[in-house]
2 protein chains.
Amino acid sequence: MDTTNKLIAAAERLFDRHGFVATGMDRLTEAAGMSSRTLYKHAGSKTQLMACILGERDRRFMARLDVGTVEALFKVLDDWIRIEGTRGCLFLRSNAETGGDTPEIAEAVRMHKTAFQNQVARIVATDLGHEDPEIAEQILVLFEGATHAAIYRGEGAVRAAQSAAATLIERARS
Amino acid sequence: MDTTNKLIAAAERLFDRHGFVATGMDRLTEAAGMSSRTLYKHAGSKTQLMACILGERDRRFMARLDVGTVEALFKVLDDWIRIEGTRGCLFLRSNAETGGDTPEIAEAVRMHKTAFQNQVARIVATDLGHEDPEIAEQILVLFEGATHAAIYRGEGAVRAAQSAAATLIERARS
DNA sequence: TGCTATGTAAAACGATCGTTTTATATATGG
DNA sequence: CCATATATAAAACGATCGTTTTACATAGCA
């Protein structure tokens with residue numbers, strides 16, 4: 001694992017577990033096992049590092065989202081939470097922590113959420129056989145809700161979302 | 001408006017808009033229009049102030065949640081967002097920013113989410129005429145989802161959640 | 001052999017963090 | 001009228017913030 005990847009992995013983990021602002025660069029250099037000089041050579045600045053981490057997470061998350069049914073969509077979330085843990089949406093958290101005032105971060109969040117929304121709409125269209133923006137928005141809300149309710153309700157929140165989605169899809173089909 | 005209330009109002013606003021950790025005490029004293037000595041006399045510490053703000057928000061939010069139908073539940077959220085804005089759940093955000101490591105904050109969040117969950121279950125039971133834990137969990141997920149999806153999707157997310165909830169309730173009734 | 005790239009360790013930068021202190025001012029009520 | 005409570009302004013506390021710098025080590029390649 002090269003230096004950049006070690007840095008990204010450590011940063012994503014610390015930002016996710018302890019928050020972006022609360023995670024200091026000293027803690028980061030220690031966790032990444034590199035000097036601060038090397039860290040800044042690779043990352044540029046903390047803001048750039050945050051934006052980079054969001055880009056990486058977007059890539060990793062969206063790669064998993066390439067499914068064809070709504071049921072599979074919620075299976076993706078279930079797997080994700082099992083592997084990555086359940087601390088809410090890192091994109092919305094980064095935006096909230098910076099008050100939406102950091103352009104590079106706000107832009108990364110906007111890009112991700114747009115891609116996510118489009119992908120959900122595509123999955124719903126594939127599953128139903130035709131586009132349905134209203135159902136797509138409902139499914140998106142269920143996904144976002146499961147992501148955040150799972151923080152305090154556990155995996156049951158994902159199962160509830162999945163079963164609610166099944167009801168909505170079934171009704172939309174007939 | 002007395003000193004304590006001025007402090008609470010300013011703190012809730014700044015914490016919500018700019019994040020808990022990123023909001024410094026100097027910025028807070030200025031916004032609250034009081035010296036740091038007075039602030040600490042009233043608040044004790046930043047952690048205590050955060051816990052206090054969460055308690056206040058819980059009181060204010062839960063007071064609005066005293067409704068008898070699921071439709072009214074989402075009307076409450078719609079009103080809330082119109083009045084208070086849409087930056088996600090302040091409780092989950094406070095927990096994420098502190099990594100869940102601050103007992104007073106983690107406890108305030110736990111208390112609020114338990115009360116919220118119970119209230120949703122009660123509303124669903126009232127609306128359906130009988131308890132239904134599975135539907136209640138689905139409605140809770142929809143509410144949490146609307147809260148967070150509204151950040152980037154606007155009020156349409158709340159309407160989508162409300163209409164999805166109506167479908168689920170209607171189906172549960174027959 | 002020497003240049004370049006890439007790394008480390010450690011100190012230092014000014015700024016800001018949360019918090020406390022010192023020194024006064026101003027009301028209120030017995 | 002004088003104590004008490006409650007406020008202010010402003011400086012200072014040590015710690016930590018994000019970032020840069022200085023000085024040095026190692027490896028690959030010309």
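Here is the naming used below: chain letters follow the sequence lines, and residue numbers restart at 1 for every chain. The structure presented is a predicted model; accordingly, all values stated were derived computationally and were not measured.
As a whole-Å value, the separation of B/Glu30 CD from D/dA10 P is 13 Å. The interatomic distance linking B/Asp26 (CG) with C/dT19 (P) rounds to 12 Å, in whole Å. Rounded to a whole Å, the CG atom of A/Leu39 is 10 Å from the P atom of D/dT19. Atom CG of B/Leu28 is separated from atom C1' of C/dT19 by 13 Å (rounded to the nearest Å). Counting to the nearest Å, the C1' atom of D/dT21 and the NZ atom of A/Lys41 are 12 Å from each other.
With sequence neighbours left out, the side-chain hydrogen bond (donor to acceptor under 3.5 Å, both in side chains) criterion links B/Glu107 to B/Arg110. Take B/Arg57 and apply the side-chain hydrogen bond (donor to acceptor under 3.5 Å, both in side chains) test, not counting sequence neighbours, and it matches B/Glu12. Taking the side chain to side chain contact (heavy atoms under 4.5 Å, CB included) definition, one finds that B/Lys6 meets it with B/Met1, B/Met34, sequence neighbours left out.
Salt bridge present: B/Glu56 and B/Arg59 bring a charged side-chain N and a carboxylate O closer than 4.0 Å. Salt bridge status for B/Glu137 with A/Arg159: absent, with no side-chain N to carboxylate O gap under 4.0 Å.
B/Val21 belongs to a hydrophobic cluster whose remaining members, ordered by chain and number, are A/Val21; membership requires side-chain heavy atoms of ILVMFWY residues under 4.5 Å apart, directly or through intermediates.
One finds no side-chain N or O of A/Ser35 lying less than 4.0 angstrom from the OP1 or OP2 phosphate oxygen of C/dA9.
A/Gln138 and B/Ser163 form a side-chain donor-acceptor contact under 3.5 Å, judged by distance and modelled atom types alone.
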Side-chain polar contacts of residues 64-72 of chain B - donor-acceptor pairs under 3.5 angstrom, sequence neighbours left out - could you list them?
residue: B/Thr69; atom: OG1; partner: B/Ala72; partner atom: N; Å: 3.0

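Criterion: ILVMFWY side-chain heavy atoms under 4.5 Å apart, direct or through other members. Under it, A/Ile123 and A/Ile139 are part of a common hydrophobic cluster.
Pairs passing the side-chain hydrogen bond (donor to acceptor under 3.5 Å, both in side chains) check and including a residue from residues 94-105 of chain A, sequence neighbours excluded, do not occur. Applying the side-chain hydrogen bond (donor to acceptor under 3.5 Å, both in side chains) test to every pair with at least one member in residues 17-34 of chain B, sequence neighbours left out, gives no pairs at all. Identified under the ring pair (Phe, Tyr, Trp, His ring centres under 6.0 Å) test for residues 105-126 of chain B, with sequence neighbours left out: B/Phe61-B/His112, B/Phe91-B/His112, B/Phe116-B/Phe143.
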Polar atom pairs (N or O), protein with nucleotides 11-16 of chain D, under 3.5 Å:
none

Can you pull every protein N or O that's under 3.5 Å from an N or O on nucleotides 24-27 of chain D?
none

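DNA chain C is contacted by B/Ser45, B/Lys46 of residues 42-55 of chain B, taking any non-hydrogen atom closer than 4.0 Å. A heavy atom lying under 4.0 Å from DNA chain D marks the following residues of residues 3-25 of chain A, by number: A/Thr23, A/Gly24, A/Met25.
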Derivation and outcome, side chain to side chain contact (heavy atoms under 4.5 Å, CB included), residues B/Val109 and A/Tyr152:
CA-CA 9 Å; B/Val109 174; A/Tyr152 57 98; over 6 Å; no

